[in-house]
Amino acid sequence: TLWSSADRLAWEESGKKSRNFQNFLPFLNKDSTMDAVRRLMSFQFTFFLFYLATLFENPTDSTAVILQKNNIDSILNHNELVFVNFYADWCRFSKMLEPVFEEASNSVPSTFQDQTVVFGKVNCDTETEVAQKFGISKYPTLKLFRNGRVQKREYRGQRSVEAFKEYIQEQTKSNIQEVNDLKMLNDIDEKKRNVIGYFNSKEGPEYRTFQQVASNLRDDCDFYVAVGEISKRERISGDNIIFRPPRTKDQDMVYLGSLVNKDLLTAWTTDKCVPLVREITFENGEELTEEGLPFLILFHKPEDTKIVETFNQVVSRELLHEKGNINFLIADGTKFTHPLHHLGKSTKDLPVLAIDSFRHMYLFPDSGDLIAQMTVQGKLKQFCADLHSGKLHREFHHGPDPTTVPQLAGQEQQQQQQQGQQQGGGTAPQEKRPTTPPESQFIKLAPSKNRYTLLRDEL
């Protein structure tokens, strides 16, 4: 052997006490074969450097900013876009996302030179107040913040570096469509909610405020702008912003507040762009379901605008107090045929109105004329009240209460069975047969347990 056992022990002890390679030289001089020494030195030195590298390596080294209670507001407010990963170390889906998010944080922001894009991360186990503030109910949750304001729709797309890049790229694009002829505004999509700005110039604070508000509400409204000479006839009293409701003509609503007051313009635009009655699609179904509120949902034919208008009027007139307790929705019944089937209905029966409580579905009694029944004063209001009181569920299982307003699918037969008379004198109710209401179908659109760790399962 080249060294004695004592020499090897001294080498190891010296290596433990000091990471300075000079401490190893006295032992190397004992070798009589310089060639062997060089080879041994090369091997041992390489191993030593590798050990040091692993000792000081930071496996999560990235440009993703660690967001905490004491810095999150400052970072969100001083950067145009902040893409945040809310995670937990023990969550397996968070672990799977971690290396992808770290790689994206190193490469994606540098591709956007004109805008400040920041990737941030929140450890929800240690930053519980931050997690509660933003309503985190599953891990991982990816949210985008624009100019300090959290965007309503969180990121639910593919979890890959390329997908993150495409998403951020889309978010950095201007969502304001400029027109160079006012006649073009007659051809905008009348099914959508549209906000139109008329400005003398893009250089003033009025236009910059409009830009910020439009950017924040890009998911809720379409924004158009006419600038300069072509907008002159719409600027008789100065720069102007109007809202054009869907399915209307010559009913534009004018904004009367300060054009440089961002908060005031945001509040006005939000009120117009985020309606009381929303449309559910397969694209936003997960988002709406995650809100956890029961659905009062109108299934209709796409061309039936009258029933949609009537439903909006009744909800606005009678059910404003239920905002925050129930989600008022409309759905294309030719696409959402599966829930209709579970209600015992088909596209031939449209329009159909029902409640989905995320446990069961309850059919609104319409006697074949939904508009007539829906506009009966207080009937739709009572239908919702019966959901909250448990009456709808109770009647489905045990038959109608002594007096009842809504009649539910299959209930007529149950009433007849319970009201039958026994032969041989006297009357006695027959034994009640529990019925099974249709199971909720929209709960199936909720976030998948194969993609998230859900903190609570309230639905």
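- Of the possible polar contacts, one joining the Ser160 side chain to the Ala163 backbone as a donor-acceptor pair under 3.5 Å is found.
- If you check the side chains of Thr281 and Asn284, you find a donor sitting under 3.5 Å from an acceptor.
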Checklist entry - Can you list the steps and then say if Met361 with Gln441 is a side-chain contact (heavy atoms from CB on, under 4.5 Å)? => result CA-CA 8 Å; Met361 299 182 73; Gln441 297 303 301; 3.8 Å; yes

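- Aromatic ring centres of Phe336 and Phe299 lie farther apart than the 6.0 Å criterion allows.
- Between Pro245 and Met253, some side-chain heavy-atom pair lies under the 4.5 Å cut-off.
- Here the shortest heavy-atom pairing between Leu320 and Leu276 reads CD2-CD2, 3.6 Å.
- With rounding to the nearest 0.5 angstrom, the NZ atom of Lys323 is 10.0 Å from the OG atom of Ser316.
- At least one side-chain heavy atom of Leu340 sits less than 4.5 Å from a side-chain heavy atom of Leu350.
- Side-chain N or O atoms of Thr116 include one that pairs as donor or acceptor with a backbone N or O of Glu80 at under 3.5 Å.
- The main-chain N or O of Thr266 is never found under 3.5 Å from a side-chain atom of Thr269 such that the two would form a donor-acceptor pair.
- The shortest non-hydrogen separation linking Ile196 to Ile188 is CD1-CD1, 4.2 Å.
- Under the salt bridge (charged side-chain N to carboxylate O under 4.0 Å, His left out) criterion, Arg218 pairs with no residue, sequence neighbours left out.
- Side chain of His341 to backbone of Thr337: no donor-acceptor contact under 3.5 angstrom is found.
- At least one donor-acceptor pair under 3.5 Å links the side chain of Asn106 to the backbone N or O of Thr63.
- Side-chain contact of Glu322 with His388: a donor-acceptor pair under 3.5 Å is present, judged by distance alone.
- Atom CD in Glu129 sits 12.5 Å away from atom SG in Cys124 (nearest 0.5 Å).
- Using a 4.5 Å heavy-atom threshold, the side chains of Val213 and Trp268 count as separate.
- To the nearest 0.5 Å, atoms CD (Gln151) and CZ (Arg146) are separated by 4.5 Å.
- Residue Ile66 qualifies as open at atom CD1: its count of foreign heavy atoms under 6.0 Å is 12 or below.
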Checklist entry - How far apart are the C-alpha atoms of Glu102 and Lys121, what are their side-chain angles, what is the distance that settles it, and do they pass the side-chain contact (heavy atoms from CB on, under 4.5 Å) test? => result CA-CA 10 Å; Glu102 300 296 345; Lys121 54 186 180 181; 2.8 Å; yes

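- Inter-residue side-chain proximity for Leu380 and Leu319 is flagged as met; some heavy-atom pair is nearer than 4.5 Å.
- Between Gly120 and Leu67, the shortest heavy-atom distance links the atoms CA-CD1, 4.1 Å.
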Checklist entry - So Leu392 and Phe383, side-chain contact (heavy atoms from CB on, under 4.5 Å) or not? Walk me through it. => result CA-CA 8 Å; Leu392 296 183; Phe383 185 55; 3.9 Å; yes

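- Between Phe243 and Cys221, some side-chain heavy-atom pair lies under the 4.5 Å cut-off.
- The existence of a salt bridge linking Asp219 and Lys152 is excluded, since no basic side-chain nitrogen approaches an acidic carboxylate oxygen closer than 4.0 Å.
- Taking the six-membered ring where the residue is Trp, the centroids of Phe145 and Phe134 are separated by under 6.0 Å.
- Here Glu170 pairs with Lys173 in a salt bridge; the nearest charged N to carboxylate O distance falls below 4.0 Å.
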Would you tabulate the side-chain donor-acceptor contacts of residues 81-93 under 3.5 Å, counting partners in other chains and residues two or more places apart, or write 'none'?
from, atom 1, to, atom 2, distance (Å)
Asp89, OD2, Asn123, ND2, 3.3
Trp90, NE1, Asp125, OD1, 3.1
Trp90, NE1, Asp125, OD2, 2.9

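- Ring geometry for Phe199 against Phe210 counts as tilted: the plane angle lies between 30° and 60°, on a 0 to 90° scale.
- Rounded to the nearest 0.5 angstrom, Asp189 CG and Lys191 NZ are separated by 7.0 Å.
- Not a single donor-acceptor pair under 3.5 Å links the side chain of Ser74 to the backbone N or O of Asn71.
- Using modelled atom types and a 3.5 Å distance limit, the side chains of Asp386 and Gln382 yield a donor-acceptor pair.
- When all heavy atoms are compared, the tightest approach of Arg278 to Glu291 is NH2-OE1, 3.0 Å.
- With hydrogens and angles disregarded, a donor-acceptor distance shorter than 3.5 Å links the side chain of Thr310 to the backbone of Lys306.
- Listed here is the closest heavy atom pair of Val117 and Pro109: O-CB, 3.3 Å.
- Taking CD of Glu229 as the reference point, atom CG of Asn200 lies at 9.0 Å (rounded to 0.5 Å).
- Without hydrogens or angle criteria, His338 side chain to Lys335 main chain gives no donor-acceptor distance under 3.5 Å.
- Exactly one of Glu290, Glu287, Glu283 qualifies for a salt bridge (charged side-chain N to carboxylate O under 4.0 Å, His left out) with Arg156. That residue is Glu290.
- Not a single donor-acceptor pair under 3.5 Å links the side chain of Arg193 to the backbone N or O of Pro275.
- Side-chain contact between Phe311 and Leu296: present, with at least one pair of heavy atoms (C-beta onward) separated by less than 4.5 Å.
- Listed here is the closest heavy atom pair of Thr289 and Phe442: OG1-O, 3.5 Å.
- Taken to the nearest 0.5 Å, the CG atom of Asp356 stands 10.0 Å off from the CG atom of Leu387.
- Two residues are said to be in side-chain contact when any heavy atoms from C-beta on lie closer than 4.5 Å; Gln313 and Glu309 meet this criterion.
- Among residues two or more places apart in sequence or in another chain, the side chain to side chain donor-acceptor pair (under 3.5 Å) test is passed with Glu127 by none.
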Next on the checklist: Working note: Ile307 + Lys301, criterion side-chain contact (heavy atoms from CB on, under 4.5 Å); need CA distance, chi angles, decisive distance, verdict.
Outcome noted: CA-CA 9 Å; Ile307 189 66; Lys301 294 178 180 178; over 6 Å; no

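- Judged purely by atom type and a 3.5 angstrom limit, Ser107 uses its side chain to pair as donor or acceptor with the backbone of Glu103.
- By the 4.5 Å heavy-atom criterion applied to side chains, Leu293 and Asn325 are not counted as neighbours.
- A cation-pi contact, defined as under 6.0 Å to the ring centre and within 45° of the axis, links Arg159 to Tyr452.
- Ring geometry, His360 versus Tyr362: the interplanar angle exceeds 60°, so the pair is classed perpendicular (tilted spans 30 to 60°).
- The environment of Lys262 atom NZ is dense: over 12 non-hydrogen atoms of other residues, nucleotides or ligands sit within 6.0 angstrom.
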